[in-house]
Amino acid sequence: MQYWLMKSEPDTFGIDDLAARPSATEHWDGVRNYQARNMMRDQMRVGDRVFFYHSACKTPGIAGIAEVVREAYADHTARDPDSNYYDPKASDEEPRWYMVDVKFVRKLKRLIPLSELKAHPALRDMALLKKGNRLSIMPIDAADWQTILAME
DNA sequence: GCCAACGTTGGC
DNA sequence: GCCAACGTTGGC
């Protein structure tokens with residue numbers, strides 16, 4: 001099993017929104033970065049655990065835990081001209097963009113802010129903390145996962 | 001295939 | 001709202 005971190009803007013879709021969905025499950029549409037897409041499509045498996053990260057907000061940080069419940073399939077928003085994520089180069093034969101389904105597991109006891117992650121010596125090499133990193137999906141080391149859970 | 005221009009992300 | 005970092009696009 002693999003651990004991941006996925007970013008979302010809480011003003012648009014936060015951990016509470018995921019929890020409120022039917023079956024607490026939502027498809028993770030709108031990924032439009034090839035590196036993120038490839039990880040999602042090629043490596044994410046049912047049962048993988050995900051840190052739900054709140055980005056572009058007042059206090060960015062890790063808000064909760066989710067679980068992958070369906071592996072990559074075509075992101076239909078790429079075929080919808082009315083969607084913000086519409087991509088004219090996507091087709092039914094060549095979807096180009098993919099999404100997975102994730103299910104709410106739980107919120108952390110408190111949001112663990114980015115500032116605390118940065119301050120933790122053991123997390124120095126985490127991809128999330130690398131300068132200029134803008135990937136919306138990234139793998140998390142098992143050791144880092146445990147370190148972060150211990151910060152709750 | 002290079003690279004300048006442009007758009008986006010996301011912390012602050 | 002600013003701006004650094006990065007990805008993508010498209011002319012040549």
Side-chain angles (χ1 to χ4, degrees), chain A residues 2-21 26-44 48-68 71-102 104-141 143-152:
Chain A
Q2 171 77 50
Y3 296 106
W4 303 94
L5 180 141
M6 295 170 89
K7 297 179 183 173
S8 187
E9 301 186 13
D11 295 342
T12 307
F13 188 80
I15 188 77
D16 290 327
D17 297 306
L18 179 62
R21 289 292 146 141
E26 183 60 293
H27 45 265
W28 203 269
D29 60 31
V31 172
R32 295 292 180 272
N33 169 284
Y34 289 107
Q35 227 183 315
R37 178 202 69 180
N38 292 348
M39 285 190 283
M40 199 165 59
R41 186 190 58 191
D42 304 335
Q43 292 175 248
M44 272 196 183
D48 283 1
R49 290 277 157 142
V50 178
F51 276 142
F52 194 113
Y53 180 90
H54 284 177
S55 69
C57 57
K58 196 170 173 187
T59 309
I62 297 171
I65 297 173
E67 177 184 3
V68 177
E71 287 168 22
Y73 59 108
D75 181 343
H76 55 78
T77 63
R79 303 281 289 125
D80 175 6
D82 294 327
S83 168
N84 288 337
Y85 302 123
Y86 178 62
D87 181 350
K89 291 179 187 161
S91 68
D92 289 337
E93 298 74 30
E94 286 290 332
R96 187 140 119 141
W97 303 112
Y98 293 83
M99 59 191 181
V100 297
D101 287 356
V102 299
F104 175 80
V105 174
R106 68 177 178 90
K107 287 173 78 167
L108 298 191
K109 294 173 198 136
R110 64 184 186 100
L111 181 130
I112 301 177
L114 177 61
S115 57
E116 285 187 38
L117 299 175
K118 282 182 173 172
H120 199 300
L123 299 176
R124 194 171 301 139
D125 296 328
M126 236 185 118
L128 176 70
L129 308 181
K130 288 269 156 50
K131 189 177 179 182
N133 169 66
R134 299 184 322 176
L135 266 186
S136 64
I137 297 175
M138 63 188 81
I140 300 280
D141 288 349
D144 290 347
W145 178 275
Q146 297 304 333
T147 300
I148 291 165
L149 282 185
M151 296 168 75
E152 263 191 283

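In what follows, chains carry the letters A, B, and so on, assigned in the order in which the sequence lines appear, proteins first and then strands, with residues in each chain numbered from 1.
Salt bridge present: Arg106(A) and Glu152(A) bring a charged side-chain N and a carboxylate O closer than 4.0 Å. Salt-bridge check for Asp87(A) with Arg32(A): failed, with every basic side-chain N at 4.0 Å or more from each acidic carboxylate O. Taking a cutoff of 4.0 Å between a charged side-chain nitrogen and a carboxylate oxygen, Asp42(A) and Arg37(A) do not qualify as a salt bridge.
The distance from atom NZ of Lys131(A) to atom P of dA4(C) is 10 Å, rounded to the nearest whole Å. Rounded to an integer number of Å, the gap from CG of Asn133(A) to P of dA4(C) is 18 Å. One can place CG of Asn33(A) at 18 Å from P of dG7(B), the figure rounded to the nearest angstrom. Arg32(A) places its CZ atom 12 Å from the P atom of dT9(C), with the value rounded to the nearest Å. One atom, CG of Leu5(A), and another, P of dG10(B), lie 10 Å apart when rounded to the nearest Å. Regarding Leu135(A), its CG atom lies at a distance of 16 Å from the P atom of dA5(C), rounded to whole Å. Per the geometry, CG belonging to Leu117(A) stands 15 Å off C1' belonging to dG10(B), to the nearest Å. Nucleotide dG7(B) holds its P atom 17 Å from the CG atom of Asp87(A), rounded to whole Å.
Residue Lys130(A) has no polar side-chain atom (N or O) positioned under 4.0 Å from OP1 or OP2 of dC6(C). OP1 or OP2 of dG10(B) has at least one side-chain nitrogen or oxygen of Lys7(A) nearer than 4.0 Å. A sub-4.0 Å separation between OP1 or OP2 of dC6(C) and a side-chain N or O of Tyr34(A) is absent.
Here the two rings, on Phe52(A) and Trp28(A), have centers that are under 6.0 Å apart.
Here the side chain of Lys89(A) is nearest to one of dC6(C), dT9(C), dG11(B), namely dT9(C). If you check dT9(C), dG11(B), dT9(B) against the side chain of Arg134(A), the one that comes closest is dT9(B).
Residue-level contact check: Lys118(A) touches the backbone only, with heavy atoms under 4.0 Å from sugar-phosphate atoms and none from bases.
Put simply, the side chain of Lys7(A) never gets that close to the backbone of His54(A): no donor and acceptor are under 3.5 Å apart.
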